[in-house]
Participant: 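Handing you a structure now.
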Amino acid sequence: MSNWIKVVPLSEIPKLGARVVRHNGRDIAVFRNDGDGVFAMNDKCPHKGGPLSQGIVSGDSVTCPMHGMNIRLADGRAVAPDEGCVGTYPVKVEAGVVYLQL
Amino acid sequence: MQKMKLVMVGNGMAGVRTLEEVLKLAPELYDITVFGAEPHANYNRILLSPVLAGEQTIKDIMLNDVDWYRENGIALHLNKKVVRIDRKARVVYAEDGSSAEYDRLILATGSTPFILPVPGNDLQGVIGFRDIHDVDAMVAASKKYKHAVVIGGGLLGLEAANGLKLRGMDVTVVHLSDWLLERQLDQTAARLLQKNLEDKGLKFLLKKQTAAILPVPALSPNSPPQGERDDVPTLRVGGVRFTDGSEIPADLVVMAVGIRPNTALAESAGIHCNRGIVVNDTMQTYDPRIYAIGECVSHRGIAYGLVAPLFEMAKVCANHLAQMGIGRYTGSVTSTKLKVTGIDLFSAGNFSGGDKTEDILLSDPVGGVYKKLVIQDNKLVGACLYGDTVDGAWYFQLLREGRDISDIRDHLMFGQSHVGDVGHQGHSKAAAMTDEMEVCGCNGVCKGTIVKAIKEKGLFTLEDVKKHTKAASSCGSCTGLVEQILASTLGGDYSPAPAAKSLCGCTDRTHEEVRAAIREHKLLSIPDAMNFMEWRTPNGCASCRPALNYYLLSTWPHEAKDDPQSRFINERAHANIQKDGTYSVVPRMWGGTTNSGELRRIADVADKYQVPMIRVTGGQRIDLFGIKKEDLPKIWAELDMPSGHAYAKALRTVKTCIGSDFCRFGTQDSTQMGIDLEKAFYKMWAPHKVKLAVSGCPRNCAEAAIKDVGVIGVDSGWEIYVGGNGGIKTEVAEFLVKVKTAEEVLEYSGAFLQIYREEARYLDRTVHWIQRVGMDYVKKRVLGDDEGRKAAYQRLMYAIQAEKDPWRERAREGVAKYEFETLAV
Ligand code: SRM
Ligand SMILES: Cc1cc2nc3c(=O)[nH]c(=O)nc-3n(C[C@H](O)[C@H](O)[C@H](O)COP(=O)(O)OP(=O)(O)OC[C@H]3O[C@@H](n4cnc5c(N)ncnc54)[C@H](O)[C@@H]3O)c2cc1C
Ligand code: SF4
Ligand code: FES
């Protein structure tokens with residue numbers, strides 16, 4: 001069951017930034033932290049559907065650009081006191097390339 | 001790695017707040033053990049007054065129950081008083097022999113009520129007002145007996161008296177001074193208060209000194225049943241005698257004459273105490289492994305008795321325990337309120353004044369309102385409010401910020417009627433609102449939600465409420481109202497945000513300190529700045545990164561490196577994000593002018609990209625809405641117009657009127673002046689957005705009076721106004737100077753803007769900055785110093801030179817391509 005899909009070279013995701021991957025009409029945000037850690041989740045904030053990919057990434061979370069909710073990159077959960085969560089996807093980096101399991 | 005052992009003695013408000021902060025900062029650092037002499041977990045001591053008054057129950061006032069300790073892995077020893085500290089072996093011992101070793105120790109033993117050294121002070125029924133036990137004793141007494149005497153007419157005494165009265169007792173308050181609350185109120189306000197309380201049925205004996213507490217006369221009708229007397233050797237109280245020889249009956253005596261820092265344990269361990277356990281600015285005692293916080297502490301010679309300063313101490317102590325080591329506690333200004341329902345009283349600072357101060361007074365004894373503001377050197381130094389305390393928080397803020405009030409002096413007394421429409425119609429407004437009524441229009445938060453969060457989650461500050469409910473976290477116009485709800489929900493336990501506000505939770509430094517460090521140490525990148533200033537978080541947060549990025553760029557133009565990832569999406573994509581994730585495009589139209597070529601290109605782009613909406617904005621230009629992000633660079637290329645920066649903390653529009661070229665009233669060519677200003681300052685980043693306007697005559701069709709810089713043409717030249725704002729809260733711009741030539745307009749307004757760029761806090765509009773530093777300062781810098789003004793203008797021109805048109809760079813030069821491309825799989 002190894003349906004890993006090649007997405008983009010790691011170097012093309014800015015540190016503390018994200019890229020949007022469009023798959024079957026749905027947007028997936030692929031984040032990079034300030035190292036080589038990569039995380040993927042639906043590009044839809046649990047609050048009002050804001051595009052998380054457009055947020056500011058810091059530490060282990062991203063701040064939604066719409067109303068400032070913080071979402072943890074690792075598990076898609078809102079950082080307390082906020083509540084809610086976003087679906088995440090397995091991602092890996094191999095030989096400098098990011099793969100996504102959909 | 002083995003964890004360090006942290007032991008805390010005293011399970012009260014200051015101590016547990018410290019642990020909460022430690023757990024937030026360094027959850028894995030310590031194994032924590034807590035000893036508390038009381039049999040209860042952590043509760044809100046302040047709210048004992050409403051409990052006594054029957055307005056709340058013990059259950060309502062619990063802050064952290066025993067489950068909280070368990071969930072956080074804290075070993076809790078209730079009902080165990082610590083009696084000895086072995087500092088060599090680093091062990092504490094409790095009364096029952098149990099012990100705990102420590103690497104770090106916190107003493108948070110609070111204080112004890114002072115009991116007057118008079119005969120009879122140990123009789124049964126003579127108590128203090130400090131803990132749940134005392135409240136239980138008072139409630140029990142109120143069921144059985146009639147006469148209560150409260151000694152001490154301070155805050156605590158009056159709250160006790162009020163509670164006992166509501167419990168049906170006949171209450172007399174005995175007070176040594178000429179008037180009540182002499183440390184919180186001046187005489188006039190105190191008289192009003194006394195009258196109000198008398199109306200509630202309380203009795204007062206002023207200027208009375210207690211000589212002795214008398215026991216119940218043997219076999220008097222008041223004496224308790226025989227059985228009880230056998231169990232308890234001491235006799236019960238029966239009356240109070242004063243130094244003038246008079247006596248009154250008393251079945252219960254509450255001593256509320258002051259508190260004494262509880263230093264016995266520390267002293268027995270040889271820790272230096274002087275009316276409190278002496279600590280330094282990091283809350284360490286003379287033994288650096290031992291910290292002390294709360295009411296038991298003496299910091300710079302002051303022992304505080306209110307929670308707001310104790311919580312500030314807790315923050316610093318936790319910061320240090322978490323090995324951040326950058327927090328400093330430097331003392332607090334406190335304010336007081338009385339928690340007696342139906343009585344509004346507020347005081348702060350030096351409300352009695354002195355030779356160097358001036359008073360502003362409003363006195364309406366019949367209406368029950370009295371206000372006194374004390375001013376020194378154009379600053380508010382004290383406030384005493386009775387009957388109408390709506391503006392207490394605002395005055396307190398002014399007082400702590402030490403803000404120059406000369407510009408608002410004439411309406412200072414009338415309050416902050418300017419905090420937005422919903423914000424300030426009074427205490428009654430917050431109290432009168434029903435739970436379903438909306439408080440925060442931006443985030444749709446109702447009063448009930450806020451009150452519930454305050455109660456259930458134990459919130460104390462505006463910041464907490466913002467975080468938990470989102471209320472007041474957007475446009476901020478409801479801040480005043482939220483503060484009132486906080487105040488009315490918490491009673492006296494409300495502390496407005498501390499004065500020297502740190503930039504955000506990632507650092508303790510203020511905006512000003514951060515700017516100074518960047519300037520003095522020539523910091524050129526965000527990681528350098530964070531390293532140098534020992535940021536608490538690895539890469540900051542969405543609040544501090546944009547601020548840092550701006551501070552770096554504005555301090556070191558051409559040298560500091562811009563960090564797009566530290567900019568809000570609008571400034572990264574150079575377009576405004578919309579609610580559905582599309583963007584808007586607002587090309588620049590110099591001074592609101594355009595031509596047929598531009599209009600044609602706009603029309604072509606609109607057709608080609610099926611732009612769903614075209615609008616003429618309130619800023620004299622055209623906005624294309626609903627653009628897909630990936631189309632932005634193509635549209636910019638085809639429009640071939642400069643960016644309007646409608647998305648940026650930067651120069652936005654320069655609004656103009658038609659002026660002398662066509663208008664029959666025009667005295668000056670305002671359109672050309674506007675175009676010149678816009679071309680000169682275009683691409684100027686700023687702490688917040690900046691809007692200008694130029695009108696050709698005082699009819700002012702360009703609305704220059706509500707712009708950051710407004711220029712008005714008159715026969716003999718130009719008048720320049722600054723600090724206007726037409727947004728959340730309308731502010732009329734103030735006159736700065738009148739000049740003769742267009743060059744001077746550029747130089748004076750440019751210099752003003754540059755000083756604002758260099759000195760304001762990030763997200764301050766010009767008006768907020770001017771309010772902080774005062775118009776006199778602005779005039780001194782711009783008008784009083786010709787060299788300085790010219791130099792500032794030069795610095796602005798130099799900074800702007802570093803900037804290119806962002807649309808052009810992205811449309812034609814391929815900058816930041818990744819930002820706009822979607823990856824398809
Ligand atoms: C487009 C426009 C409304 C319109 O269709 O007319 C507009 C639209 C927005 N305004 Fe505005 N404002 C517009 C003129 C104004 C004006 C009038 C003016 O500039 O003459 C004001 C009052 C004047 C002032 O700022 O002093 C105004 C006061 C605000 C404020 C409150 C600012 C304040 O300091 O009080 C905000 C919120 C903010 O900036 O934090 C805001 C924020 C916004 C934002 C950016 C909200 C956001 O963050 O998404 C809106 C973006 C819409 C978009 O996607 O393009 N807008 N906004 C106007 C664009 C003018 C332009 O050509 O650039
Ligand atoms: C009725 C009342 C109303 C108040 N109203 C207000 C108000 O409106 N606004 C305001 O700001 N402040 C108010 N205060 C003051 C506020 O409650 C105190 O400032 C605050 O509780 C002090 O916190 P602390 O942690 O220093 O001490 P405490 O909360 O007193 O905690 C100290 C704890 O340590 C325990 N202890 C002491 N010695 C030992 C030992 N050797 N071993 C183990 N445990 C020990 C004590 O039993 C106590 O539980 C009020 C106080 C009272 C009593
Ligand atoms: S355009 Fe301005 S006033 Fe209109 S909804 Fe948006 S922010 Fe509010
Ligand atoms: S949509 Fe993300 S915070 Fe509102």
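Any value given below was found using the heavy atoms of this structure, including those in side chains, with hydrogens, waters and symmetry copies removed. Convention: sequence-line order gives letters A, B, ...; per-chain numbering from 1.
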Participant: Relative to chain B, which segment of Pro65(A) carries a heavy atom at a distance below 4.5 Å: side chain, backbone, both, or neither?
Facilitator: both

Participant: Just checking, is any N or O donor in the side chain of Asp43(A) or Gln54(A) under 3.5 Å from an acceptor N or O on the other one?
Facilitator: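 The answer is no; no qualifying pair exists.
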
Participant: Please work out which of the three classes, parallel, tilted or perpendicular, describes the rings of Trp636(B) and Trp807(B), given edges at 30° and 60°.
Facilitator: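 Correct class here is parallel.
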
Participant: Any donor-acceptor pair under 3.5 Å linking the side-chain atoms of Thr63(A) with those of Asn70(A)?
Facilitator: yes

Participant: Measuring from atom CG of Leu823(B) to atom NE2 of His23(A), what distance do you get when rounded to the nearest 0.5 angstrom?
Facilitator: 13.5 Å

Participant: For Thr822(B), which atoms come within 4.5 Å of any heavy atom of chain A: side chain, backbone, both, or neither?
Facilitator: both

Participant: Is Ile28(A) in contact with chain B via its backbone, its side chain, both, or neither, using a 4.5 Å heavy-atom distance?
Facilitator: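 The answer is neither part of Ile28(A).
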
Participant: Regarding Tyr762(B) and His688(B), is there a side-chain donor-to-acceptor distance under 3.5 Å anywhere?
Facilitator: no

Participant: Heavy-atom distances under 4.5 Å only: say whether Asp60(A) touches chain B with side chain, backbone, both or neither.
Facilitator: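 Looking at Asp60(A), nothing touches chain B.
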
Participant: Can you say whether Val21(A) sits under 4.5 Å from chain B via the side chain, the backbone, both, or neither, judging by heavy atoms?
Facilitator: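 Its backbone and side chain both get close to chain B.
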
Participant: Go through the atoms of Ile5(A) and report whether side chain, backbone, both or neither lie under 4.5 Å from a heavy atom of chain B.
Facilitator: side chain

Participant: Under a 4.5 Å heavy-atom cutoff, which of Val57(A), Val62(A), Val7(A) has the most pairs with chain B?
Facilitator: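 Maximum pair count with chain B is reached by Val57(A).
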
Participant: Using heavy-atom distances under 4.5 Å, tell me whether Val30(A) contacts chain B through its side chain, its backbone, both, or neither.
Facilitator: neither

Participant: With salt bridge (Lys or Arg N to Asp or Glu O under 4.0 Å) as the test, would you mind laying out the steps for Arg810(B) and Glu819(B) before giving the verdict?
Facilitator: CA-CA 10 Å; Arg810(B) 282 156 188 77; Glu819(B) 183 64 55; over 6 Å; no

Participant: At a 4.5 Å cut-off on heavy atoms, which part of Glu12(A) comes close to chain B: side chain, backbone, both, or neither?
Facilitator: backbone

Participant: State, with a plain yes or no, whether a side-chain heavy atom of Asn42(A) is found less than 4.5 Å away from one of Tyr89(A).
Facilitator: yes

